[in-house]
Amino acid sequence: MERNTPIEMISFCQGDGRLRPLRFRLADGTVVRVSRVDETRLLEAAGVTALLYFCRAQIAGRELRFQLRYLVKSHRWVLFEAG
Amino acid sequence: MADRIIYHVDVNSAFLSWEACYRREHLGDEQDLRDLPSAVAGDKEARHGIILAKSTPAKLRGVKTGEPIWQARRKCPDLILVPANYGLYVAASRRFIALLKDYAPVVEQYSIDEAFVDVTGCRRLYGEPVQAAHKLKERIHRELGFTVNIGVSCNKLLAKMAGELEKPDKVHTLFPQEIGEKMWPLPVGELFSVGPASRARLEQIGVTTIGQLARMELSRVKALLGKHGEHIWNYANGRGPEELEAEAPPNKGYGNSTTLPADITRPDQGRKVLLSLCETVGARLRADGQRGRCVTVHLRTADFYDWSHQTPLPQPSDATLEIWQAACRALDQMWQGGTPLRQLGVSVTRVSRDAARQLSLFGDSYDKLARLDQAVDGIRRRYGEEALQRAVFLQEDGVEHMAGGLSRERRTGVTKPLDEEEEYPE
Ligand SMILES: [Mg+2]
């Protein structure tokens, strides 16, 4: 899987401002439901802000781990890396 | 009062570091440009592109900032060049300055990648200045991903000279008792504000180190280099300004410009456009509680020739009418009509908060003007910009009554300096 791929996302905005990824679609049409968020982190490297989500999902009966990112300034989601 | 402690915080190879950090952390590049012979170049395609910043490995191969690309390539054929991305650098710079402002109350931004921080009162909070500087350096690295040098001293000059000592990722002190050992042996050209011309003249009379300059008779330095000689002689002896100019960096101001629907050729038209610009500039100054001392008018002719003229304000002002009168004086001095103009701009600079006005013997209309502006601002804030306008703008000639308008952010005080880029890449 290529790094840093843009994705379409359905996410949940909590009342306290927290943002949680729920379900996303890759360019090829594959839909992935996020089954669990293990950890979230704020990245401000070089002054550019991104929210990092270390997630899991069940795909074809197998559990996959991957990292999603929300780019704050451009309001975009990317699949940063899949392991 | 405790002795003053000033930090000079300087990003190491700023553009290159920011580029490397962005590529690694946000784009997921495996390699780090900082570990490779690499450089940020202005316009890679153009034949005259130059090196804007280089990595340490490139520096070791002899690549220099400011040299043409072809020259750098000759010394370092495998040099990796990346194009400059100013939007990213502005974002990185802002976040860097914001972190410093979060750290200490008084910060003076000196350039895109350097700032002075007054930590005099912070000993209780952060401990010994040198240890605290190491912690600040680590915090910047941890949170923002790039390294800095921190110079520690009791004034800005010595702090900056300390920051220029060995790089990268270092903390150095340069207190007055250390200048003999750490600063005087350095070549005179490394002293702050000694340019190539002064250096050449000093070298001609055999002065090659900062220490030699420091020990010269002041009268001799002045005879050689005039007023500037006195400054650098003081610097060589470790004397320089202590106070930080946190409020009003000289290049910052409040400005606005407008491109006209049709070119204008008459002075009365020009004055009217200036008035509409002064309406918005004045309102923005007042929203930020600032007064300025200088008004600049910028003109662009129909064939794209640009020029500008400045005029001082007799008293620091935020009054629309006073700014407009000054702008009209500037306009009169540069344009008497005729040449068609397509764009006009007004900016107010040398701004500061609470700049005091002297009482005028001949009566000052300022208080009246201030009350009027306050009332106008209040009405526009409540009922919108269109609620109130000067009768002169009722004439249907395409000149808006508040050129450029006031966006909500501007009215609530977040005013941007002129010529700033907003975008950064993903
Ligand atoms: Mg620097």
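To find a chain, count down the sequence lines: A is the first, B the second, and so on, and within it residues start at 1.
Between A:V48 and B:L88 the shortest heavy-atom distance is CG2-CD1, 3.6 Å. Here the shortest heavy-atom pairing between B:G28 and A:F80 reads CA-CZ, 3.6 Å. Between A:A45 and B:C21, the closest heavy-atom pair is CB-SG, 3.6 Å. Contact detail for A:R69 and B:E25: the closest heavy-atom pair is NH1-O, 2.6 Å. Taking every heavy atom of both residues into account, B:R95 and A:G47 meet most closely at CB-CA, 3.5 Å.
Among the candidates A:L43, A:V78, A:L52, A:L42, the residue making the largest number of heavy-atom pairs closer than 4.5 Å to chain B is A:L43. No other option in B:G145, B:A20, B:S17, B:A92 has as many heavy-atom pairs under 4.5 Å with chain A as B:A92.
More than 12 heavy atoms of other residues, nucleotides or ligands sit less than 6.0 Å from atom CZ of B:R139. The number of heavy-atom neighbours closer than 6.0 Å to CD of B:Q131, taken from other residues, nucleotides and ligands shown, is 12 or below. Environment of CZ in A:R25: sparse, with no more than 12 heavy atoms of neighbouring residues, nucleotides or ligands closer than 6.0 Å. Atom NZ of B:K170 has more than 12 heavy atoms from other residues, nucleotides or ligands within 6.0 Å.
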